[in-house]
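When a residue number appears, it is its place in the shown sequence, counting from 1.
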Amino acid sequence: MPQPAPEAAIALQGVTKRYQEGEVEHTVLASVDLSIPAGSFVVLLGPSGSGKSTLLNLLGGIDVPSAGSVRIGGVELTSLAEPARSLFRRDQIGFVFQAFQLIPTLSVLENVTLPAELAGIPLARVEPLALGLLERVGLVDRAASRPDRLSGGQQQRVAIARALVRQPAVVLADEPTGNLDEQTGERVLELLIELTCRQGRTLVMATHNPAIAVRADRVLEVHDGHVRSRGPVTA
């Protein structure tokens with residue numbers, strides 16, 4: 001008896017993104033149709049300027065398409081006003097960036113708890129979760145340290161813990177190993193996979209590194225505004 005298809009965590013239909021520069025209109029993404037099952041690891045592979053980051057911004061509700069539909073967990077992002085998209089993004093999506101983006105004046109623990117505190121969750125509730133995440137990433141002993149006392153790999157591990165503190169269903173990562181050496185990047189990548197898709201979360205990662213693509217369930221090649229699947233799952 002055939003098994004039911006996995007629930008789509010992310011669904012795009014006819015997504016196009018254009019930017020106006022003076023009298024010239026640039027098409028960054030053109031009529032993208034895409035379905036990503038929950039719990040999968042998907043890599044967006046392509047050179048700089050190919051549209052990877054634009055696609056991540058659309059998935060995260062940071063930007064809206066010029067045309068088409070973006071659904072995350074059944075929620076139509078394009079129908080939400082900016083305040084509602086911001087709340088959805090805060091509650092349902094985790095972000096991991098190449099540049100870490102930790103707040104230098106806050107401790108490691110304060111950086112991790114911040115997204116939950118901004119959502120109005122009492123510190124007494126979020127701190128145990130944050131400490132548990134820091135233990136998972138091997139940095140609970142550095143909870144009181146400032147980010148500038150950590151190595152690049154350690155800072156990225158803190159950023160992963162911060163992205164997961166709200167327990168999002170979807171995690172978006174933009175070149176998360178780009179500022180790390182190869183060995184450290186591999187450790188961070190394994191940790192990110194372990195804490196996301198192996199826990200039932202969906203991980204979408206933009207990269208230009210083909211070595212990362214071999215770890216993914218699916219690879220989406222982004223080139224000149226078009227997205228082509230070469231993984232085991234077809235769009």
Student: Tabulate below the donor-acceptor pairs under 3.5 Å that side-chain atoms of residues 158-171 make, not counting sequence neighbours, or state none.
Tutor:
residue, atom, partner, partner atom, Å
Arg162, NH1, Gln101, O, 2.7
Arg162, NH2, Phe100, O, 2.7
Arg166, NH2, Asp91, OD1, 2.6

Student: If we ignore hydrogens and angles and just use 3.5 Å, is the side chain of Lys17 paired with the main-chain N or O of Thr27 as donor and acceptor?
Tutor: no

Student: Using a cut-off of 6.0 Å, state whether more than 12 heavy atoms not belonging to Glu25 lie near its atom CD.
Tutor: yes

Student: I'd like to know if the side chain of Lys52 reaches the main chain of Pro47, judged simply by a donor and an acceptor atom lying under 3.5 Å from each other, with no hydrogens or angles considered.
Tutor: yes

Student: Rounded to the nearest 0.5 Å, what's the gap from OG on Ser145 to CG on Asn111? Could you check?
Tutor: 11.5 Å

Student: Determine whether the side chains of Asp33 and Gln13 contain a donor N or O and an acceptor N or O closer than 3.5 Å.
Tutor: no

Student: If you draw a 6.0 Å radius around CD in Gln20, do more than 12 non-hydrogen atoms from other residues or ligands fall strictly inside?
Tutor: yes

Student: Under 3.5 Å, is there a donor on one side chain and an acceptor on the other for Ser151 and Gln155?
Tutor: no

Student: Which atom names give the shortest non-hydrogen contact between Arg85 and Leu77, and what distance separates them?
Tutor: CD-O, 3.5 Å

Student: Checking the side chain of Glu76 only, and the main-chain atoms of Thr78 only, is there a donor and an acceptor separated by less than 3.5 Å?
Tutor: yes

Student: Would you say the side-chain atoms of Thr202 pair up with the backbone N or O of Ala9, donor to acceptor, closer than 3.5 Å?
Tutor: no

Student: Please report the shortest heavy-atom distance between Thr184 and Gly153, naming the atom on each side.
Tutor: CG2-CA, 3.5 Å

Student: For the pair Glu190 and Arg198, find out whether any cationic side-chain nitrogen is under 4.0 Å from an anionic carboxylate oxygen.
Tutor: yes

Student: Tell me the closest heavy-atom pair linking Arg136 and Leu195, and the distance in Å.
Tutor: NH2-CD2, 3.2 Å

Student: Inspect the contact between Glu82 and Arg89 and indicate whether a charged nitrogen and a carboxylate oxygen are less than 4.0 angstrom apart.
Tutor: yes

Student: Is there a chain of hydrophobic side chains (I, L, V, M, F, W, Y, each step under 4.5 Å between heavy atoms) that links Leu150 to Leu191?
Tutor: yes

Student: Testing Ile62, Leu203, Ile93 one by one against Leu172 for a side-chain contact (heavy atoms from CB on, under 4.5 Å), which residue passes?
Tutor: Ile93

Student: Compare every heavy atom of Ala84 with every heavy atom of Leu80, then report the nearest pair and how far apart it is.
Tutor: CB-CB, 4.0 Å

Student: Using modelled atom types and a 3.5 Å cut-off, is there a donor and acceptor pairing between side-chain atoms of Ser66 and backbone atoms of Arg18?
Tutor: yes

Student: Determine the minimum heavy-atom distance between Leu59 and Val70, stating which atoms define it.
Tutor: CA-CG1, 4.5 Å

Student: Hey, are Ser107 and Arg146 close enough side-chain-wise for a donor-acceptor pair under 3.5 Å?
Tutor: no

Student: Could you go through the side-chain contact (heavy atoms from CB on, under 4.5 Å) check for Arg215 and Ile193 one step at a time?
Tutor: CA-CA 9 Å; Arg215 304 288 301 276; Ile193 294 171; 3.8 Å; yes

Student: Could you go through the side-chain hydrogen bond (donor to acceptor under 3.5 Å, both in side chains) check for Gln98 and Asp174 one step at a time?
Tutor: CA-CA 6 Å; Gln98 178 177 351; Asp174 195 355; over 6 Å; no

Student: Closest approach of Leu29 and Gly51, non-hydrogen atoms and distance?
Tutor: CD2-O, 4.0 Å

Student: Checking Glu175 side chain against His208 main chain: does a donor-acceptor pair fall under 3.5 Å?
Tutor: yes

Student: I'd like to know if the side chain of Glu127 pairs up with that of Thr113 as donor and acceptor (distance under 3.5 Å, no hydrogens or angles considered).
Tutor: no

